2 protein chains.
Amino acid sequence: MNPEKAQPLLDYINKHVPLTKEEESALLSYIIFRRYLKGQYIVQQGDICKYECFVLSGCTKTFYMDDEGQEHIIMFSIEDWWASDMGSFISQTPADFNIQCLEDTELVMFPYETIETIYAEIPKLERFFRLIIERAFVASQKRIVRNFSLTAKEQYLYFKEQYPEIEQRIPQYMVASYLGITKEFLSKIKSQLALG
Amino acid sequence: MNPEKAQPLLDYINKHVPLTKEEESALLSYIIFRRYLKGQYIVQQGDICKYECFVLSGCTKTFYMDDEGQEHIIMFSIEDWWASDMGSFISQTPADFNIQCLEDTELVMFPYETIETIYAEIPKLERFFRLIIERAFVASQKRIVRNFSLTAKEQYLYFKEQYPEIEQRIPQYMVASYLGITKEFLSKIKSQLALG
DNA sequence: AAATTGTGTTAAACTAGTTTAACTTTTCGT
DNA sequence: ACGAAAAGTTAAACTAGTTTAACACAATTT
């Protein structure tokens, strides 16, 4: 892939595991640049997730539809974040999640067919992925803790504080879905906060 | 550490990444065997978590105390599972969680001071930890999904089905805490299930 | 400029799960 | 075997968050 486009990814990787020029160009030969339009799906529930995606620009939501047709947003991904259904990717089984673009989005895609080659040829990247998945796991556990111990209002305030950029870029009903509450209740919370 | 005691760990690792005899004995020189009694703490909230622990026998609970002094159980660990506060371990910051033994428990402990040496000397183990953390992350995400979309009764039935061994070994109020509901409500759910 | 679609608000009726409190049963140390 | 402590049950009053439904206000499309 085009080395210029890949710079934000290389910068991100180099923060965790410094790569040589040779390793960088080896990596570039195994990954793919791709552009999606707002509304397009990167992964659809039931499909096999064939890529782990690093977001260069734009914004995606990862969500699933429950049996009643209700959408539940699991995460948003913006610049320098990852987007994939990891359960589907690592075991090549049908995806639980949809990943859809909320803006025009540019991605670097790590294909499943080349990921083992990448690990074998550039062992530092096996370390890199261990490090970022460790952090993702810790973040996921902390989210479970918040679900248990915070009220909806507290969770909303936490979201605002942690992801102020994201709140600006997405409609409020998606924030509600991410927090696991109804849009009506989030509206109520916001009007309470506006007064007090 | 004593190779005989370590066999369940080696079997577990070999399922993911087959090790040579040399690699096995190198690993054994870096890890520690330890026994804890029922009630003892392996990690205390606020301390630095210095070990990642593999459970050889026994059972632990990982939990935290909220501001109101309420205990919230995050996970149980039995034979062939891991127990640690990964957030604390990987960045050597104060632990969010307590880990306490619910039975007399035997562990293999991977010390923070030797973990980088282990990765450097036995690169397969960097792969091994990547693989198990990937799975842990996927499991954690699935738990978030269940929290969002299942009722308390459904979550209880899921727990029973997934971890029938654990339910036999721990008091019911701890199951309630793990599910994020009160013991009184779990009691009600069970009596409903006993009828219908 | 009108019409449609997507997004946000308000309020009343409702429900899943909590709180409190009194009670029963089981487990455990001596 | 006994008493104390830990674990589990029941039920009534309560509350955080849902549902439904009607309305308001953009933003796009025609």
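By convention in this document, chain letters (A, B, ...) are assigned in the order of the sequence lines, proteins followed by strands, and residues within each chain are numbered from 1. It should be emphasised that the depicted structure is a prediction, and the values quoted were computed from it without experimental measurement.
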Does a side-chain N or O from A:T182 land closer than 4.0 Å to OP1 or OP2 of D:dT18, or not? yes

Interface polar pairs with nucleotides 8-10 of chain D, N/O, under 3.5 angstrom:
{"from": "D:dG8", "atom 1": "OP1", "to": "B:Q172", "atom 2": "N", "distance (Å)": "3.0"}
{"from": "D:dG8", "atom 1": "OP2", "to": "B:Q172", "atom 2": "N", "distance (Å)": "3.0"}
{"from": "D:dG8", "atom 1": "OP2", "to": "B:Y173", "atom 2": "N", "distance (Å)": "3.0"}
{"from": "D:dT9", "atom 1": "OP2", "to": "B:Q172", "atom 2": "NE2", "distance (Å)": "2.7"}
{"from": "D:dT9", "atom 1": "OP2", "to": "B:S187", "atom 2": "OG", "distance (Å)": "2.9"}
{"from": "D:dT9", "atom 1": "O5'", "to": "B:S187", "atom 2": "OG", "distance (Å)": "3.2"}

Identify, residue by residue, the members of residues 71-78 of chain B with a heavy atom below 4.0 Å from DNA chain C, and return them in order of residue number, or none. none

Rounded distance in Å - [atom1] ([X]) to [atom2] ([N]):
{"X": "A:I181", "N": "C:dT15", "atom1": "CD1", "atom2": "P", "result": "21 Å"}
{"X": "B:N147", "N": "C:dA16", "atom1": "CG", "atom2": "C1'", "result": "15 Å"}
{"X": "B:F148", "N": "C:dA16", "atom1": "CZ", "atom2": "C1'", "result": "17 Å"}
{"X": "A:K153", "N": "D:dG17", "atom1": "NZ", "atom2": "P", "result": "10 Å"}

Give the intermediate values and the outcome of ring pair (Phe, Tyr, Trp, His ring centres under 6.0 Å) for residues A:F110 and A:Y51. CA-CA 5 Å; A:F110 287 65; A:Y51 305 96; over 10 Å; no

For the helix from C:dA1-D:dT30 to C:dT30-D:dA1, what is the angle between the axes at its two ends, each from 5 pairs, rounded to 10°? 50°

Determine, step by step, whether B:R169 and B:E79 satisfy the salt bridge (charged side-chain N to carboxylate O under 4.0 Å, His left out) criterion, reporting the C-alpha distance in whole Å, the side-chain angles of both residues, the deciding distance to 0.1 Å, and the verdict. CA-CA 12 Å; B:R169 288 164 72 168; B:E79 294 76 19; 3.0 Å; yes

ILVMFWY cluster, A:M1 and A:M109 together (side-chain gap under 4.5 Å):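 No; A:M109 is not reachable from A:M1 via cluster members.
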
One pair to check against salt bridge (charged side-chain N to carboxylate O under 4.0 Å, His left out): B:E103 and B:R35. What are the steps and the verdict? CA-CA 11 Å; B:E103 304 172 359; B:R35 220 185 289 267; over 6 Å; no

So is B:R143 actually on top of B:Y178's ring, under 6.0 Å and inside 45° of the axis?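 Yes - B:R143 lies over the ring of B:Y178, closer than 6.0 Å to its centre and within 45° of its axis.
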
